[in-house]
Amino acid sequence: MNPILMNLGDGVQLADFSDDTWWIWVIKAVFIVVYLIFSVIFALWFERRLLARMQNRLGPNTVGPAGLLQSFPDAVKLLFKEDFFLKGADRVVYFIAPAISALCAFTLMAVIPMGPEVNLFGHTTPLQLADSPVAILFVLAVAALGEYGLVMGGWSAKSTLPLYGSVRSATQMISYELAQGLSLVTVFIVNTTMSTSGIVSAQQGLWNVFIMLPAFLIYLVTMFGEANRLPFDLPEAEGELVAGAHTEYSSMKFGWYYLSEYVNMLNLSMLATTLFFGGWRTGPIMAWIFSLWGGDPNTGWWPMLWFILKTWVFMAIFVWARGATLRFRYDQFMKLGWKGLIPSALIWLFIVMVVLGIDMVYPINVAAVLVILSLGFSLIMIIWGFGDDRVHPTQAQLIEQREREEFTGFENGYPVPPLPGQHLPPSPRLRKRQSVAAGAGTTSQSIQTTEAE
C-alpha cells in the first residue's frame with residue numbers, strides 16, 4: 001500500500017510509504033518481532049518487580065543486575081519442559097490454536113505508527129510498517145480473530161475446565177469489544193479518518209483524551225477485558241478453572257499463549273497511546289522545552305522514545321490493576337459490560353453526533369464544546385459507577401444475612417463461588433447418599449419399634 005501524504009480534513013495526513021523498498025519492509029517487520037519479544041521479556045521483569053514493590057517484597061533481584069536477566073532462564077525452562085499431546089484431543093486444532101493467538105498478537109503492531117518520517121539508509125520512510133484508510137478496522141478484526149485461538153484451544157482439548165474458559169473468553173470478547181468499538185467510533189468521526197497515522201496527525205494541537213474523555217475511560221476499562229487481565233481475568237480464573245483455555249497445554253504450546261497475552265497488553269497500550277494521547281507526538285509543553293535551544297521533539301528519532309514511554313505508562317497501569325483490584329464475579333462483569341459500558345458508549349456517540357450536527361448548521365468551536373461535555377459526561381459516568389449513598393452493612397451482618405438465605409450456586413443465572421457465610425448445596429451424589437442413609441435409618445428405627453412391641 002502506497003498512500004501519498006493525502007490531506008483528510010484540517011491538516012490530517014496519512015503516512016507516505018512511496019520511498020519504501022522491499023528490504024525496508026523486511027527490516028521493519030523483523031524489528032517489530034524482535035521489539036515485541038524483548039518487550040515481553042522486560043515486561044515479565046517489570047511486572048514482578050513492580051508487584052513486589054506494591055507488596056513490600058523484593059521480587060527477582062539475583063539473576064543479572066537488579067534481576068533484569070531473570071526472564072531468560074524462565075524462558076529456557078519453558079522451552080525444555082516436557083511436551084505432550086492429549087489422547088482424546090483434536091490433534092490438528094489442539095496444535096494450531098496457540099499459533100493463531102500468537103500470530104494475531106504479533107500482526108497488530110504492523111499498523112501502529114511509532115514515529116514520523118526518518119532517513120533510513122538513504123530512504124525517507126515513516127516509523128510504521130503499513131497503514132490503510134481503515135487501519136483501525138484491521139486492528140479490531142485481527143484482535144477478534146485472535147480470540148479463536150483461545151476458543152479452539154479450549155474446545156479441542158475435550159476437557160471440561162478448558163471448555164468453560166474458552167466459552168468465557170468468547171462471551172467476554174463479544175461484550176467488551178462491542179463497547180470498545182463504540183467508544184472508538186467517536187474518534188473516527190471527530191478525526192475524520194480511521195488511519196492510525198491520520199489519527200496521530202489530527203492530534204497536533206489537542207490530544208483526543210481531552211476532547212473525548214468518556215471514550216477513553218470506556219476504552220481503558222475494556223482493554224482489561226480484551227487482555228484477560230485482573231480484574232477481568234475470568235477466562236483464566238485459577239480458583240475456578242485452574243488456568244482456563246490453556247489448562248491442558250505445556251511447554252511452548254503454553255508458551256505461545258503466555259507470549260500472546262503480554263503482546264496483547266503491549267498492543268492495547270500502543271493503541272491507547274495512538275488514539276488518545278497523540279501517539280508519538282510530545283505535546284505543547286515538551287515542544288516548548290525543546291524550542292528553548294531550537295530543537296523540535298516531533299522530528300527525527302526522538303518521537304519514538306516518547307511513544308515507548310507513553311506505552312509503558314499503560315503497561316504500569318495493567319500491573320497496578322493486578323496488584324490493587326479483586327476479580328469481578330461473572331454476573332457483575334457481564335452487567336458492567338452490557339448495562340454500563342455499552343449504553344455509556346452509545347450516549348456519548350449520540351452527544352458527539354449532535355454537536356457535529358449543530359456545527360454543520362451553526363458553526364461553533366467543536367473542540368471547546370466537546371471538552372466541556374466530555375468532562376461533564378465523564379463525571380456522570382464516575383458517579384454512576386462508584387456513587388452509592390446506601391448504608392452498607394458490616395461484614396458480620398452480611399455473613400449472618402447470607403447464612404439465613406438459601407444459596408443455590410447461581411446468581412442472576414450465572415454460576416458463582418460462595419461468599420463468606422454461604423455454603424454450596426450438596427451434590428446430587430451426596431443427596432442420594434443422604435437419602436439412602438435416611439431411608440436405612442428409618443427402616444432400622446421401625447424394626448426396633450416392632451421388636452419392642
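Note that the coordinates shown come from a computational prediction; the quantities given were computed from them, not determined experimentally. For the single chain, residues carry numbers from 1 onward in sequence order.
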Pairwise side-chain contact, [X] with [Y], heavy-atom cut-off 4.5 Å (strictly under):
| X | Y | answer |
| --- | --- | --- |
| Met223 | Leu220 | yes |
| Phe224 | Leu268 | no |
| Leu163 | Ser166 | yes |
| Val63 | Pro73 | yes |
| Val200 | Phe307 | no |
| Gln172 | Glu147 | no |
| Phe31 | Met114 | yes |
| Leu50 | Trp320 | no |

Take a 6.0 Å sphere around [atom1] of [X] and say whether it holds more than 12 heavy atoms from other residues, nucleotides or ligands.
| X | atom1 | answer |
| --- | --- | --- |
| Met54 | CE | yes |
| Tyr148 | OH | no |
| Trp22 | CH2 | no |
| Phe38 | CZ | no |

With a 3.5 Å distance limit and no angle check, can you tell me whether [X] reaches the backbone of [Y] through a side-chain donor-acceptor pair?
| X | Y | result |
| --- | --- | --- |
| Thr273 | Ser269 | yes |
| Glu226 | Ala143 | no |
| Lys253 | Phe95 | no |
| Ser169 | Val151 | no |
| Arg49 | Leu58 | yes |
| Ser71 | Ile41 | yes |
| Asp19 | Thr124 | yes |
| Asn208 | Leu275 | yes |
| Thr186 | Leu182 | no |
| Asp359 | Val355 | no |

| said: One pair to check against salt bridge (Lys or Arg N to Asp or Glu O under 4.0 Å): Arg327 and Asp233. What are the steps and the verdict? | reply: CA-CA 7 Å; Arg327 181 180 299 123; Asp233 66 335; 2.8 Å; yes
Interatomic distance, [X] atom [atom1] to [Y] atom [atom2] [nearest 0.5 angstrom]:
| X | Y | atom1 | atom2 | answer |
| --- | --- | --- | --- | --- |
| Phe277 | Gln203 | CZ | CD | 9.5 Å |
| Lys158 | Tyr94 | NZ | OH | 12.5 Å |
| Leu234 | Tyr164 | CG | OH | 15.0 Å |
| Trp256 | Ile96 | CH2 | CD1 | 14.5 Å |
| Met381 | Trp348 | CE | CH2 | 10.0 Å |
| Ile218 | Thr222 | CD1 | OG1 | 8.0 Å |

| Phe333 and Tyr176: aromatic ring centres closer than 6.0 Å? |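 Centroid distance Phe333-Tyr176: below 6.0 Å, so yes.
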| request: Compute the ring centroids of Tyr258 and Tyr262, then answer whether they are less than 6.0 Å apart. | output: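 Centroid distance Tyr258-Tyr262: below 6.0 Å, so yes.
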| Test applied, side-chain contact (heavy atoms from CB on, under 4.5 Å); reference residue, Ile136; option that passes from Thr196, Val185, Thr274 |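 Per the side-chain contact (heavy atoms from CB on, under 4.5 Å) rule, the option paired with Ile136 is Thr196, out of Thr196, Val185, Thr274.
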| Can you say whether the rings of Trp302 and Trp306 are parallel (under 30°), tilted (30 to 60°) or perpendicular (over 60°)? |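 It falls in the parallel class, under 30°.
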| field | Basic-acidic side-chain contact under 4.0 Å: Glu261, Arg229 | value |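 Yes, this pair counts.
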| query | Which is it for Trp280 and Gln128 under the side-chain contact (heavy atoms from CB on, under 4.5 Å) test, yes or no, and what are the steps along the way? | reply | CA-CA 11 Å; Trp280 46 264; Gln128 182 178 1; over 6 Å; no
| task | Taking atom types as modelled, find out whether Trp338 and Ser175 have a side-chain donor-acceptor pair closer than 3.5 angstrom. | result |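 Yes, a side-chain donor-acceptor pair sits under 3.5 Å.
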